[in-house]
Amino acid sequence: MITRLNSRLHCFINLTGNFITTSFLLPSSSRLGLEFSPHSTSLASLLHSTSFSNNGDPPLSRYQKVTSLDDAFNLFDEMIQRKPLPSVIKFNQLLNAVTKMKHFSSCLDLFKQMCVIGVPVSKYSMNIAIKCCCQMSRTNDGFALLGCCFRRAVVPNVFIFSTLLDGLIREDRIIEAERLFKKLIKQKLCEPDVVMYSTMIKGLCKFGNNDIAIRLLRLMDESGCEPNVVIYSTIIDSLCKDKLIEDASKLFNEMVFAKGIQPDVITYNSLIHGLCNLCRWDEVSKLLKEMEDLRISPDLHTFSILVDALCKEGRVDEAEAVIDIMVERRVVPDIVTYNTLIDGYCLRGEMTKARTLFDSLTSKGFVPNVVTYSSLLNGYCKSLKIEEAMHLFHEITRKGLKPDIEMDGRSTMLQGLFRVGRCGAARKLFDEMRSQGLIPDEYTYGVILDGLCNNRQVEEALSLFHLVGDSKLNSDIVVYTILIEGAGKCGKLDIAKTLFHDLTVKGLQPDVRTYAVMISGLCGKGLVEEAKQLFLKMDESGCPPNNATYNVLLQGYLKKKKYDDVEKLLQEMDGRSYSLDASASALLIDRIAAGSLYRSLLKLISRLMPKELMETPS
DNA sequence: GGCGACTTTC
């Protein structure tokens, strides 16, 4: 007890000392200093002393040591031959090893065999099996196993319910997750512990309910369940993602000073990521220093975040320097780190460098993934180096890489080809795909339709749409929106109207974008009255207009010189704190210059002008 | 006796 108190006090003093000098809000002129230069710090030595030793941990049993699926199956076969059967614990250890290798479906097979053979499964085994279902996004099957628990007289505990709760959240079934959580408490099915709270809080954060997440944090505290660093880190991360750095910082202070909970590398990574996204480099630099003082070693994630942020700022040279430091510190960069650097080169159009790095990776034994190929193909397409892109793409297909890489590569290629207007080549690629019996996924299908429409080939797009017919692909609102937009842009309003009408027949709900493209199409033909009616219908259809919708209708009014309506709409926009987009403001300025608009409106308009436009030096 | 659930990077 005394030791724990002492260590808390110690950590408190340590942190206080640091925090005074490294407050979040102190401005400073230095850029990301990279204070963790190879000479200045003990961090590298720390890394040496802590990472690789495994002393103190009990040795792993034979069942936990399996390294391949084959090993696991062989061992399992051997186990079930034995008489008497090994204990359920041995089976659980083996199952666990299989899940650690992410072979969830094989693990479930083994579990089923255990049931058939009559190994008495325990709470542990049930939880492992349920976890496998959840990890494969088959949480419903997990609940079916919960039913088996009851039948087998296994009373589910907080571990099993946490696993299920996590499964629901992974599948974005937040309402059901909340319902389960409340039900567990109300019916006293289990006493939620800190992990269950953190799972629920993660779910709330995932759906942007930071406030409720914080309220739950308070609630758990009151009900005597002490929050830990995971809970705080989860909420801090969510606040950072929503750019609410000051709130995150407040919570961080609360955790450290009021609660005496030590932050870890994950807490710092979240904060650093948040600050990087806002380009607040001075504070990033301070946090890195703070980590060093607290002897928290930056890890792979920390470095990846820095590399990514620097690349996005176009500071690729500094990103390279960070990678060098990583290597010096024996933090081995992974494919994610290199992907961000490749993406950085591609963003600057430095395709030769990107390609060289890519080639060096493959020879170093890294396996490029979907993101790697996407970045490169996108880079080539954007730099209009279609030949190189095609070349790389053929390399991918020749190597017979994973289907997801191929599909992703295909859609990137198609997008690139359409963007430069090479519809023929796109068509050829698409036909090749079909002749190989490949069915495009929703995304690729959308890319093709969009590409055709943008190249004024609406008829082609439509004939493809009809060819696809009544499949699942055509039951997607995004597909309809693309086609309605394409038809509208080409002045084929009758087609747009038919498609829009078909939506209701098919039972599909138009979304805010569908309305916008339809309104735009109507305005394009001068049918502003009809556009207005549709605009008014949005609210009652439960799809209220947004900033973009207002801008579209406004342009229609301006083109038709309906200045009374313009004024009314501008006032509504002001009331909603909306702003004008680029084309609407251009049109407005044009009308003001022509003297068509009342000068009394100028004040209102200047309020609605986008900030970027007001700040242009010209 | 041993075995289980939660947080960060493209």
Side-chain angles (χ1 to χ4, degrees), chain A residues 58-64 86-100 107 121-132 134-135 142 156-167 169-170 190 192-203 205-206 213 227-238 240-241 255 263-274 276-277 296 298-309 311-312 319 322 326 331 333-344 346-347 368-376 378:
Chain A
L60 292 177
S61 85
R62 181 181 170 212
Y63 308 92
Q64 295 162 299
S87 78
V88 63
I89 292 170
K90 301 272 193 289
F91 280 101
N92 291 341
Q93 287 179 333
L94 178 62
L95 253 46
N96 229 337
V98 178
T99 44
K100 289 233 168 74
C107 178
V121 297
S122 68
K123 281 187 197 52
Y124 289 84
S125 358
M126 290 310 288
N127 190 35
I128 295 167
I130 291 173
K131 189 182 172 183
C132 288
C134 292
Q135 296 276 353
N157 59 6
V158 66
F159 285 86
I160 289 178
F161 285 123
S162 284
T163 308
L164 285 166
L165 190 68
D166 189 56
I169 288 162
R170 273 169 197 277
C190 75
D193 66 0
V194 64
V195 174
M196 183 172 266
Y197 275 111
S198 77
T199 308
M200 192 63 240
I201 283 174
K202 175 186 75 172
C205 288
K206 196 174 173 189
N228 60 10
V229 65
V230 175
I231 303 241
Y232 274 103
S233 294
T234 306
I235 306 177
I236 287 171
D237 182 63
S238 176
C240 286
K241 288 209 168 94
M255 172 179 98
D264 60 13
V265 64
I266 297 178
T267 328
Y268 276 103
N269 285 347
S270 293
L271 286 167
I272 289 173
H273 194 208
C276 281
N277 282 339
I296 298 172
D299 65 359
L300 187 58
H301 291 262
T302 326
F303 287 115
S304 274
I305 292 164
L306 293 174
V307 171
D308 179 47
C311 283
K312 285 205 175 109
V322 172
M326 283 177 82
V331 177
D334 66 354
I335 190 69
V336 175
T337 328
Y338 283 117
N339 280 347
T340 57
L341 190 56
I342 289 178
D343 210 43
C346 290
L347 276 175
N369 60 19
V370 182
V371 181
T372 329
Y373 286 110
S374 275
S375 293
L376 271 176
N378 251 319

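Lettering of chains follows the sequences in order, A, B, ..., and the numbering in each one begins at 1.
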Task: Minimum heavy-atom distance A:M255-A:T267, with the two atoms named - done: CE-CG2, 4.0 Å
Open item on the list: By nearest atom, which of the nucleotides B:dT8, B:dC10, B:dT7 is closest to the A:D299 side chain?
Closed with: B:dT8
Open item on the list: Can you identify which nucleotide, out of B:dG4, B:dC3, B:dC10, has its nearest atom closest to the A:Q93 side chain?
Closed with: B:dC3
Open item on the list: Quick check on B:dT9: is either OP1 or OP2 less than 4.0 Å from any side-chain nitrogen or oxygen of A:K241?
Closed with: yes
Task: A:N269 side-chain proximity, nearest of B:dT8, B:dC6, B:dA5 - done: B:dT8
TODO: Kindly indicate, with the supporting measurements, whether the criterion side chain to side chain contact (heavy atoms under 4.5 Å, CB included) is fulfilled by A:V195 and A:T199.
DONE: CA-CA 6 Å; A:V195 174; A:T199 308; 4.2 Å; yes
Open item on the list: I need the CG-P distance between A:L164 and B:dA5, as an integer number of Å.
Closed with: 14 Å
Task: Out of B:dC3, B:dG4, B:dC10, whichever nucleotide has its closest atom nearest the side chain of A:Q64 - done: B:dC3
Open item on the list: Would you say A:K131 places a side-chain N or O within less than 4.0 Å of OP1 or OP2 belonging to B:dA5?
Closed with: yes
Open item on the list: Measure OH/A:Y124 against P/B:dG1 and give the value in whole Å, please.
Closed with: 12 Å
Task: Side-chain donor/acceptor of A:S198 to base of B:dC6, under 3.5 Å - done: yes
TODO: Measure the distance from CD1 on A:I231 to C1' on B:dT7 and round it to the nearest whole Å.
DONE: 9 Å
- [ ] Write down the distance between CG (A:L376) and C1' (B:dC10), rounded to a whole number of angstrom.
- [x] 13 Å
- [ ] Answer with base, sugar-phosphate or nothing: what part of the nucleic acid does A:I128 contact at a heavy-atom distance below 4.0 Å?
- [x] nothing
Task: Residues in ring-ring contact (aromatic ring centres under 6.0 Å, His included) contact with A:Y232, at least two apart in sequence or another chain - done: none
Open item on the list: In whole Å, I'd like the distance from the CG atom of A:D193 to the P atom of B:dT7.
Closed with: 14 Å
Open item on the list: Could you check whether A:D166 pairs with A:K131 (Lys NZ or Arg NE/NH1/NH2 to Asp/Glu carboxylate O, under 4.0 Å)?
Closed with: no
Task: Out of B:dA5, B:dC10, B:dC3, whichever nucleotide has its closest atom nearest the side chain of A:N127 - done: B:dA5
Open item on the list: If you only use heavy atoms from C-beta on, which nucleotide in B:dC6, B:dT8, B:dG4 is closest to the side chain of A:T199?
Closed with: B:dC6
Open item on the list: By the definition side chain to side chain contact (heavy atoms under 4.5 Å, CB included), identify the one residue from A:I201, A:L165, A:T163 that meets it with A:M196.
Closed with: A:L165
Open item on the list: I need the CG-C1' distance between A:L165 and B:dG4, as an integer number of Å.
Closed with: 16 Å
TODO: Mind checking salt bridge (Lys or Arg N to Asp or Glu O under 4.0 Å) for A:D237 and listing every partner two or more places apart, or none if nothing turns up?
DONE: A:K241
Open item on the list: Taking 4.0 Å as the cut-off, does a side-chain nitrogen or oxygen of A:K202 come that near to OP1 or OP2 on B:dT7?
Closed with: yes
Task: Listed nucleotide nearest any side-chain atom of A:I266, set B:dT8, B:dC10, B:dC3 - done: B:dT8
Open item on the list: Determine whether a donor-acceptor pair (one donor, one acceptor, N or O, separation below 3.5 Å) exists between the side chain of A:S304 and the base of B:dT9.
Closed with: yes
Task: Stacked pair A:H301-B:dT8, distance under 5.5 Å, angle under 30° - done: yes
Open item on the list: Regarding A:N228, tell me which of base, sugar-phosphate or nothing describes its non-hydrogen contacts under 4.0 Å with the strands shown.
Closed with: nothing
- [ ] Measure the distance from CG on A:L271 to P on B:dT7 and round it to the nearest whole Å.
- [x] 18 Å
TODO: Report the distance from atom CD1 of A:I130 to atom P of B:dA5, rounded to the nearest whole Å.
DONE: 13 Å
Task: Closest to the A:V336 side chain, choosing from B:dT7, B:dA5, B:dT9 - done: B:dT9
TODO: Classify the nucleic acid contact of A:D343 as base, sugar-phosphate or nothing, counting any heavy atom under 4.0 Å across all strands shown.
DONE: nothing
